[in-house]
Each structure stands twice: as C-alpha cells, then as structure tokens.
Undergrad: 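Quick one: the structure is below, and I'll ask about it shortly.
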Amino acid sequence: MTTHKKPETGHISQTPIVARVALGEWLVLAAFAGIAMFVYQQILGPLTDQGYASGDAVNDAALFPRLIANLILFLCALQFVQLLRRRVLVTVEFMQEPLRDNVWRCFAGSGMLVAYLLALPYLGFYPATSIFLLGLFVLLKARPVWFAALVAIILTLAVGYVFEDLLRIVLPRGLFDLSL
C-alpha cells in the first residue's frame, strides 16, 4: 500500500495504487478478443456453410453476431489503450472481497459467454439469451431468482423486438425456429 495526499482535502489516504496493470487484466482482454475471433470463426464456418451469413439485414443471421463481435473488439481496443495509459487505484470493495471469489466470477462469466456463443446457433436467440442472462444474474447474486428470471425473459424479448421488428435483423432461430 502506498500513501498519497488527496489534493482537494489535504488528507493522507492509505488507498493502494498499483503502478502497473496486473497480468489478469491482460489475460481477460486476450480472452474477450479471443471470443470475438471465435464468433468470426463461427460466422465464416457454420453460418456460411448453412447459407445464413450473406444477404441483407432481413436475411442475414450472421449480422447480429458480427455486430456483437465488432462491439467486443472495439471495447477491447479501448481497454487496451486504458491498460497502457493508466495506473490503477484499487477500490475498497475490491480489497474487501476475497480475490478468489472475484477471479472465480470472472472466469465463470467468461465461460458462460463462450457457452452462450456456442449454444446460440443450436438453441436460437431467445432460449439461449434468456438462459445466459439468468445465469449472469445468478452469478452476480441477483435475488430473488424468480425476479432475475423474469427480467432475463423481458430483456431478451425487448432486445429481440428491437433487432427483429425495428431493425429488421434476423436473429439466430436454432432448432426451435423461434422468432417474434
């Protein structure tokens, strides 16, 4: 821990400042970039083979995953720049939470995202997204679980409505052939 003087108050604080970014942050950045690359592999592989990766916004099932992958890559680029430029001020919440719990949640969330992306072509957008969101809510300790399930379903339907009806983007239908 390092001590530093707060300019606005003049008080000395015992808040730790990490001069360099931890290896774990680089690994998480690489994992998210890998997830985006995996999405592109799925688009260029199975979706192209099935004929769903071309066409306009109405007939292109790969458009939504491509948008998400591009968003992930953009956020990874921003995070990359931030990791190169900043010193990290460790917050009180992070210091009080057990590190093992935070690391476990991070890897579990990343694993759930990979499982979601793998299940998306088979289950379709609506079941896969509802299950994914519910899993994330439970992982983040949202209580009660029935309310988290309700929010996951409503959020999935809202996103589906925006993409399918307003933007006219075909979402993956999967084996159940579900759409709005």
Undergrad: Just distance, no hydrogens or angles: give the donor-acceptor pairs under 3.5 Å from side chains in residues 144-155, sequence neighbours left out.
TA:
none

Undergrad: Quick one: closest heavy-atom pair of L123 and A128, and the distance?
TA: CB-CB, 4.1 Å
Undergrad: To which residues is L75 joined in a hydrophobic cluster, defined by side-chain heavy-atom contacts under 4.5 Å among Ile, Leu, Val, Met, Phe, Trp and Tyr, whether direct or through other members?
TA: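 Members besides L75, by chain and number: L71, F74, L78.
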Undergrad: Show the nearest heavy-atom pair for residues V138 and R143, with the distance to one decimal.
TA: O-NH1, 4.1 Å
Undergrad: Taking side chain as C-beta onward, heavy atoms only, is I35 less than 4.5 Å from L113?
TA: yes
Undergrad: Would you mind reporting whether L29 and L83 have side-chain heavy atoms less than 4.5 Å apart?
TA: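 A side-chain contact exists here, since the closest heavy-atom pair is under 4.5 Å.
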Undergrad: Kindly state each residue pair satisfying ring-ring contact (aromatic ring centres under 6.0 Å, His included) with at least one member in residues 110-130, sequence neighbours excluded.
TA: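 Checked against ring-ring contact (aromatic ring centres under 6.0 Å, His included) - neighbours excluded - the pairs reaching residues 110-130 are F64-F125, Y116-F132.
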Undergrad: Could you pull out the closest heavy-atom pair between L136 and G109, with the gap in Å?
TA: CD2-CA, 4.4 Å
Undergrad: Return the set of residues passing side-chain contact (heavy atoms from CB on, under 4.5 Å) with L67 (not counting sequence neighbours), or none when no residue passes.
TA: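 Listed in chain order: L63, F163, I169.
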Undergrad: Tell me, please, which residues at least two apart from N70 pass side chain to side chain donor-acceptor pair (under 3.5 Å).
TA: Y40
Undergrad: Not counting sequence neighbours, which residues clear side-chain contact (heavy atoms from CB on, under 4.5 Å) with F38? List them please.
TA: Q41, Q42, L117, L118
Undergrad: Taking only residues two or more places apart in sequence or in another chain, which ones pass side-chain contact (heavy atoms from CB on, under 4.5 Å) with A36?
TA: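 With sequence neighbours excluded, A36 shows a side-chain contact (heavy atoms from CB on, under 4.5 Å) to A69, I72, L73, given in chain and number order.
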Undergrad: Shortest non-hydrogen contact from R105 to L139?
TA: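 Closest approach of R105 to L139, heavy atoms only: NE-O, 3.3 Å.
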Undergrad: For R173 versus D177, what's the shortest heavy-atom pair and its separation?
TA: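 Residues R173 and D177, closest heavy atoms: CD-OD1, 3.1 Å.
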